[in-house]
Amino acid sequence: MTDVCSVKRRHLALWFPFLPTDRLRIQQAPAEGADDARPDAPLALIARERGALRLRAVNAAARDQGIVPGMALADARALHSALVTADTDESADRHWLKRLAEHCLGWSPRVAMAPPDGITLDITGAEHLFGGEGGLAAQAEDALAGIGMSVRLALADTPHGAQALARHARLPVADERQALRALPVLALGLDEEATLALRRAGLRTIGDAAARPAASIAARFGAPAVTALRRLLGDESAPIDSLAQPEPLHFERRFPEPVALQASIAACFLDLLREAADMLERRGLGGRRFVLTLFRSDGARHRLAIETGLPTRDPAPVLRLFDERIATLADPLDPGFGYDRITLFLPVTEPLAASQATLDGSGREPAALADLIDRLSTRLGPASLCRLVPRESHIPEQSQLALPAIEARAPLRWPTPPAGEPPMRPLFLFDPPQPVEVIAEVPDGPPHRFRWRRKLHEVRLYEGPERIASEWWRLPDGHKGGGEAPQKGGLTRDYFRIEDVRGRRYWIFRHGLYAEKPDPRWYLHGLFA
């Protein structure tokens, strides 16, 4: 029999570098509902320290302007006069981190918070359910990015090592132990005084500290430094303090005598939905999936399930969706001699904060659209209605995904060109790109004329090249590129925006440089309006 303690454990660390500002933006987005909201504007959260206003947290846009936490507000305003500010709310940040941790229970039963901005998952034995460690990490990253959270992920044998890599390493890492030893001593998580003392002693990295005897480290810098070092390198076990999993939301009604009247069944179901709404409100959640099961007195059962695009705890729209679901059944519900038990189960829930619509009613549009998507998806099937959502990728054909509309999160803001500038990407893309014959004045130069679908086009104007490298980190080991099909990756693309003598505009790219391939091919990828 295998000793449980001897099993090699694996941990996935999630670090949210902009948790306070991401949390504020996500929570305020439904209430704003305005087209002029700028989620990419520099934002800082401030607090008063010793009589002066200082920055506690900033978003990515503010950091790119040289604005960092700890800076005085006056200095930050001098760098960027249009800096948006809000008060720090540490209690809201802690509550948001706990909600995120509870959401992570869908990937592992052992989830622990690493305050103030991290979460650690013990994924030992759970990774195979998601196609391995990489598949689990990718799913977690996509889900968290879908709700608007910036996140960095890292895998390691120890929880402290995983968090240290997520916060301080250049990802991905090829050799975990070597990467840990190359981390700065800041990764030990000691106080500022102890970290400064380590640096003054010439110990810049974890490897430098590990090379010294533990007794000398403890004598000069304290026992916590030795403990942190041993836990980081896996020489001392440190089990994570897992969250207690909330009880499943399951509601039931039993009848002393079988019930067959439709009015009585509907009244019981509405009562179950109201009970569920009260429980969801106490937990700050909303349901995304509702499963109704009716148990007939003869042992037969009818199971009905509906999903919603947004979390909800309002019984009325859920009841309407179940009516739509019943109307789509090939065989109508037959109560027979009656039902003696009815249950309602909510297997999927998500955080749901209170929101208030604007006085002119403009805040109802997203909710009205979500209601329409829910009804159509329930009536026609989830796969019948899709929504395009942006995806973080430089490869054009991979920069968007077509997902079932009921499963897609609230749509992210699509990139828009500056005012007065033409779009960088065409609205219409060919899948796959269309091969064309190109004549260029020089090998690496722009197209001079091209033939597409047996018609010759003379180029009048061009703009480019826009160079897009392949996603080398996604290629199999040992793959060096060089395939013919552009979707296989491995080669650099040079894109040109072309206008022919008739005023038609095209998006053409050369798949490969002459330094990569002796005869690179050309493709037409899209048409501009």
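Surrounding CD of Glu90 are at most 12 heavy atoms belonging to other residues, nucleotides or ligands under 6.0 Å away. Environment of CZ in Arg181: crowded, with over 12 heavy atoms of neighbouring residues, nucleotides or ligands closer than 6.0 Å.
Atoms CG and OG1, from Leu232 and Thr227 in turn, are 12.5 Å apart once rounded to the nearest 0.5 Å. In this structure, Leu491 CG and Leu513 CG are separated by 8.5 Å, a value rounded to the nearest 0.5 Å. Interatomic distance, CG of Asp93 versus CG of Asp117, reported as 9.5 Å (0.5 Å rounding). The line from CG of Leu165 to NE2 of His11 is 13.0 Å long, rounded to the nearest 0.5 Å. Atom-to-atom distance recorded for Leu45:CG and Asp89:CG is 9.0 Å, nearest 0.5 angstrom. The line from CG of Leu129 to CG of Leu136 is 8.5 Å long, rounded to the nearest 0.5 Å.
Within the 4.5 Å cutoff, the side chain of Arg63 has heavy atoms near those of the Phe18 side chain. Using a 4.5 Å heavy-atom cutoff, the side chains of Tyr506 and Phe528 are not in contact. When side chains are defined from C-beta on, Arg231 does not count as touching Thr158, because their heavy atoms never get closer than 4.5 Å. Taking 4.5 Å as the limit, every side-chain heavy atom of Pro20 sits out of range of all side-chain heavy atoms of Thr88. Using a 4.5 Å cut-off on side-chain heavy atoms (C-beta onward), Val58 and Leu43 make no contact. Side-chain contact check for Leu14 versus Cys104: some heavy-atom pair is nearer than 4.5 Å. Contact annotation: the side chain of Pro396 approaches that of Ile468 to within less than 4.5 Å [non-hydrogen atoms, C-beta and beyond]. Residues Glu466 and Phe496 form no side-chain contact, since every pair of their non-hydrogen atoms from C-beta on lies 4.5 Å or further apart.
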Quick one: do Met113 and Thr120 satisfy side chain to side chain contact (heavy atoms under 4.5 Å, CB included)? Show the steps, please. CA-CA 6 Å; Met113 294 192 297; Thr120 305; over 6 Å; no
Apply side chain to side chain contact (heavy atoms under 4.5 Å, CB included) to residues Met149 and Ile26 and explain how you reach the verdict. CA-CA 8 Å; Met149 295 298 299; Ile26 294 170; 3.6 Å; yes
Does the pair Asp22 and Phe16 meet the rule for a side chain to side chain contact (heavy atoms under 4.5 Å, CB included), with working shown? CA-CA 9 Å; Asp22 284 348; Phe16 306 96; 5.8 Å; no
Go through it in stages, so that I can follow the logic: the residues are Glu516 and Thr492, the test is side chain to side chain donor-acceptor pair (under 3.5 Å), and I'd like the CA-CA distance, side-chain angles, deciding distance and then a yes or no. CA-CA 8 Å; Glu516 300 173 337; Thr492 304; 2.7 Å; yes
Chi angles and distances behind the side chain to side chain contact (heavy atoms under 4.5 Å, CB included) call for Phe221, Leu198: CA-CA 7 Å; Phe221 310 107; Leu198 285 167; 3.5 Å; yes
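Looking only at atom types and distance, the side chain of His103 has no donor-acceptor partner in the side chain of Arg99 under 3.5 Å away.
Judged by distance alone, the side chain of Asp494 and the main-chain N or O of Phe509 form no donor-acceptor pair under 3.5 Å. Checking side-chain atoms of Arg230 against main-chain N and O of Ala225 turns up no donor-acceptor pair under 3.5 Å. Using modelled atom types, one side-chain atom of Asp208 and one backbone atom of Thr205 make a donor-acceptor pair closer than 3.5 Å. Of the possible donor and acceptor atoms, none in the side chain of Ser108 sits under 3.5 Å from a partner among the backbone N and O of Leu105. For Arg510 (side chain) and Pro446 (main-chain N/O), no donor-acceptor pair under 3.5 Å exists by modelled atom type. With hydrogens and angles ignored, the 3.5 Å screen pairs no side-chain donor or acceptor of Glu236 with any backbone N or O of Val226. For the pair Ser81 (side chain) and Arg77 (backbone), a donor-acceptor distance under 3.5 Å is absent. For the pair Arg288 (side chain) and Pro311 (backbone), a donor-acceptor distance under 3.5 Å is absent. Looking at Asn59, its side chain does come within 3.5 Å of a backbone N or O of Ala41 through a donor-acceptor pair.
Note on Asp122 versus Arg110: salt bridge recorded, some NZ/NE/NH1/NH2 to OD/OE distance being below 4.0 Å. In this structure, Glu176 pairs ionically with Arg10, as a charged nitrogen and a carboxylate oxygen lie closer than 4.0 Å. Classification of Arg9 and Asp157 as a salt-bridged pair fails, no side-chain N sitting under 4.0 Å from a carboxylate O. Remark: Arg283 does not engage Glu102 in a salt bridge, criterion side-chain N to carboxylate O under 4.0 Å.
Nearest approach of Ala101 to Leu243, heavy atoms of both residues: CB-CD1, 3.3 Å. The two atoms that bring Gly287 and Leu280 nearest to each other are N-CD1, 3.9 Å, heavy atoms only. Residues Ala210 and Leu233 come closest through the heavy atom pair CB-CD1, 3.8 Å. Closest of all the heavy-atom pairs between Ile206 and Pro184 is CD1-O, 3.7 Å. Residues Ala187 and Ala164 approach most closely at CB-CB, 4.0 Å, considering heavy atoms. Annotation for Tyr514 and Pro520: closest pair CE2-CD, 3.6 Å, computed over non-hydrogen atoms.
If you look at Trp507 and Tyr495, their ring centroids are closer than 6.0 Å.
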Would you be so kind as to tabulate the donor-acceptor pairs closer than 3.5 Å made by side chains of residues 47-55, with sequence neighbours excluded?
residue, atom, partner, partner atom, Å
Arg48, NH1, Gly51, O, 3.2
Glu49, OE2, Arg56, NE, 2.8
Arg54, NH1, Gly70, O, 3.0

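Residues forming a side-chain contact (heavy atoms from CB on, under 4.5 Å) with Arg289 (at least two apart in sequence, or on another chain): Val291, Arg303, Ala305, Glu307, Pro347, Val348.
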